[in-house]
2 protein chains.
Amino acid sequence: MAQSPYTDDQLILAARLYFIDDLPQAQIGKLVNVSQSKISRMLALARERGLVRVTVPDYDPRNGALEKDLKDSLGVSAVVIRSAAGLKIQDLRQTLGYFAASVVSSWIAPRSVVAIAGGRTMQALVEQMKPAGSTEGVRVVQAMGNIDSTSGAYDAAELGRQMASAWKGTFLTLNTPAILPDADVCRQLLGLEQIRNILTCLADANVALVGIGTLENSVFLERKVLGKRDIAALREAGAVGEILGRFYNAAGRECKTPLRERVVSLPLEELRRIPQVTAVVSGSDRSSALSAAIRGGLVKSLVIDERGAASLLGKPL
Amino acid sequence: MAQSPYTDDQLILAARLYFIDDLPQAQIGKLVNVSQSKISRMLALARERGLVRVTVPDYDPRNGALEKDLKDSLGVSAVVIRSAAGLKIQDLRQTLGYFAASVVSSWIAPRSVVAIAGGRTMQALVEQMKPAGSTEGVRVVQAMGNIDSTSGAYDAAELGRQMASAWKGTFLTLNTPAILPDADVCRQLLGLEQIRNILTCLADANVALVGIGTLENSVFLERKVLGKRDIAALREAGAVGEILGRFYNAAGRECKTPLRERVVSLPLEELRRIPQVTAVVSGSDRSSALSAAIRGGLVKSLVIDERGAASLLGKPL
DNA sequence: CTGGGCCATGAATATTTATGCTAAATAGCA
DNA sequence: TGCTATTTAGCATAAATATTCATGGCCCAG
């Protein structure tokens, strides 16, 4: 270990002048005959060394009351993140990701298998996640094929990779489109060993992190993988929401449309068997899709913002 | 009292994000949906309200060892201020003033009479001084006339005014030149009631704060009130230092030169009777003048920087 | 000794933070 | 209700702080 370039005494002097007496760094520099840059570095060092301690009362980013309400009335265990009023959706996502990250990270036990989906909220979350304890033998598995060939920053493949790297674990990618033009191709793909393996792996996941799509607001429509008439057909068939590219009805059962046979992702029946399936959702426009998923047992826990939670409970907040 | 515009909770959130998570204010602003300016103000408020507390270990600006040495070997009680190596003289003065101010301020008891001289170090000190406790009935008295008619920022008159105003006390000014062209004029001035009163007052001072001049480095020479030949004459007469415009020899006795009769200031014999006479000195070029003053009992205590103290002790530091 | 690598340093500069100012909101008052 | 006084917010910008970069000192291996 290198010996320190400064004595604690010097650091304390600088720190006192700065934090207690509120002198600007340049002035402190004059008093101790060094440059402002150095004072800046000394202050940083003083904090690192713990000479300067800043104490701030705890802030609880979670809304415990809403969490309890959700548990009581819907039976889901939820992480409800407080959110400022009037936030634009992207900032809301950021907030959610920022504050939920530590909780969600703590769920990732050593040797666990994590099934992961894509989505912007998911992206905001994963971006902030980092291992809390041991990272031993974590496997991250992409839970759904790729939406199209342009690999976006918030696709499952990318997020999975990111998370796996943070945990120094392995990442298993589902190397196929999510939705195929016809059922035949899909069946063929599903026959491939590479893909079968991944799906098996997924079925054994300990934790699944998924988003919730709606008919009004679907990545598939947005990215033109499905057309308006596909959506219309789905609506016809009673679809109210989507998880991993699979649409389900108000009871939380997968809709029996031809589309069902064209999707490469963890089937909802298998998802249901995963012990912890968490929907990561922000905003209040997904209430009905979300409540159907909960009702159908597709989703067992929730990471959501205050307003989303409130609207899910039918309370206008 | 106005009700606060922010809840503690909001402040705590902002403060945590800033101080604990080290997010920049702009980013925090996004998360809580306000402008960066507001976050800045919220943080300031959080500190005011004591929600954020910054603790820094105490720094002792005094060099106790040197203080003890001075007491032991010269019998003066000193305040020795630590100083960084290589400081330019003006920054050294600043340092001294900054750190000595609180000690010296604490000497000013309610109802005390303070005799004050000028000088740059004195200026640096007075600038930083502020009352520690009660300020009741403090009188500040200018201990020496004005050097010339250009009133500088570090003349006794100015410093006295400044200090008196900080203590909300009264200031008595010595409205005359310090050094007069001849003894006659001087005598006449000394006869004026206004001036006699001040001098009486000075003689009753509880505390005197004075500087030390040398023959090499004298304000009077600098401001051309004395000429080189005056200085030469003084040297001839054995002068080694100057206090309040009065030159003294190595024994600390006032030199008997004609100049003596031309000065308007507290006479050294009377200075000697003031219970606390403190020399405020920075730099190491005044050692001999200083030690003569101490020897002669002109000065009973010292406010000085580390190097000055060391050189006074003959230790090269 | 004599390079060569390493590190600390300060000047220059990029980034972040604080603040003066204007406009909008809010409250008090007639 | 309409008016003024006061507060508060955000923009623009000044001020302060962090960081990059070039340099020079120092230590160690040759």
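Lettering follows sequence order; numbering is per chain, from 1.
- Heavy-atom nearest nucleotides on DNA chain D were determined for A:Arg41 and for A:Leu23, and the one closer to the 5' end corresponds to A:Leu23.
- The interatomic distance linking B:Tyr18 (OH) with D:dA18 (C1') rounds to 11 Å, in whole Å.
- For B:Ser37 against D:dC11, a side-chain-to-base donor-acceptor contact under 3.5 Å is present.
- When the C1' atom of D:dT8 is taken as reference, atom CE of B:Met42 falls 13 Å away, rounded to whole Å.
- Nucleotide C:dT16 holds its C1' atom 14 Å from the CD1 atom of B:Ile39, rounded to whole Å.
- A donor N or O paired with an acceptor N or O is found under 3.5 Å between the base of C:dA18 and the side-chain atoms of B:Gln36.
- When the P atom of D:dC11 is taken as reference, atom CD of B:Gln25 falls 15 Å away, rounded to whole Å.
- In this structure, A:Thr95 OG1 and A:Gln90 CD are separated by 10.5 Å, a value rounded to the nearest 0.5 Å.
- Look at CG on B:Leu45: it is 13 Å from P on C:dA18, rounded to the nearest Å.
- Here the C1' atom of nucleotide D:dA16 and the CG atom of B:Leu43 are 15 Å apart, to the nearest Å.
- B:Tyr98 contributes atom OH, which lies 4.0 Å from atom CG of A:Leu23 (distance to the nearest 0.5 angstrom).
- For B:Asp60 and B:Arg82, the salt-bridge test fails: no basic side-chain N is under 4.0 Å from an acidic carboxylate O.
- Distances shorter than 4.0 Å separate none of the side-chain N or O atoms of B:Ser40 from OP1 or OP2 on C:dT17.
- The B:Pro24 side chain lies nearest to C:dT16 when the options are C:dT9, C:dT16, D:dT17.
- Relative to the ring axis of A:Tyr154, A:Arg120 places its NZ or CZ within 45° and under 6.0 Å from the centre.
- If you take NZ of B:Lys38 and P of D:dT7, they are 16 Å apart, rounded to a whole angstrom.
- If you take CD of A:Gln10 and C1' of C:dA8, they are 13 Å apart, rounded to a whole angstrom.
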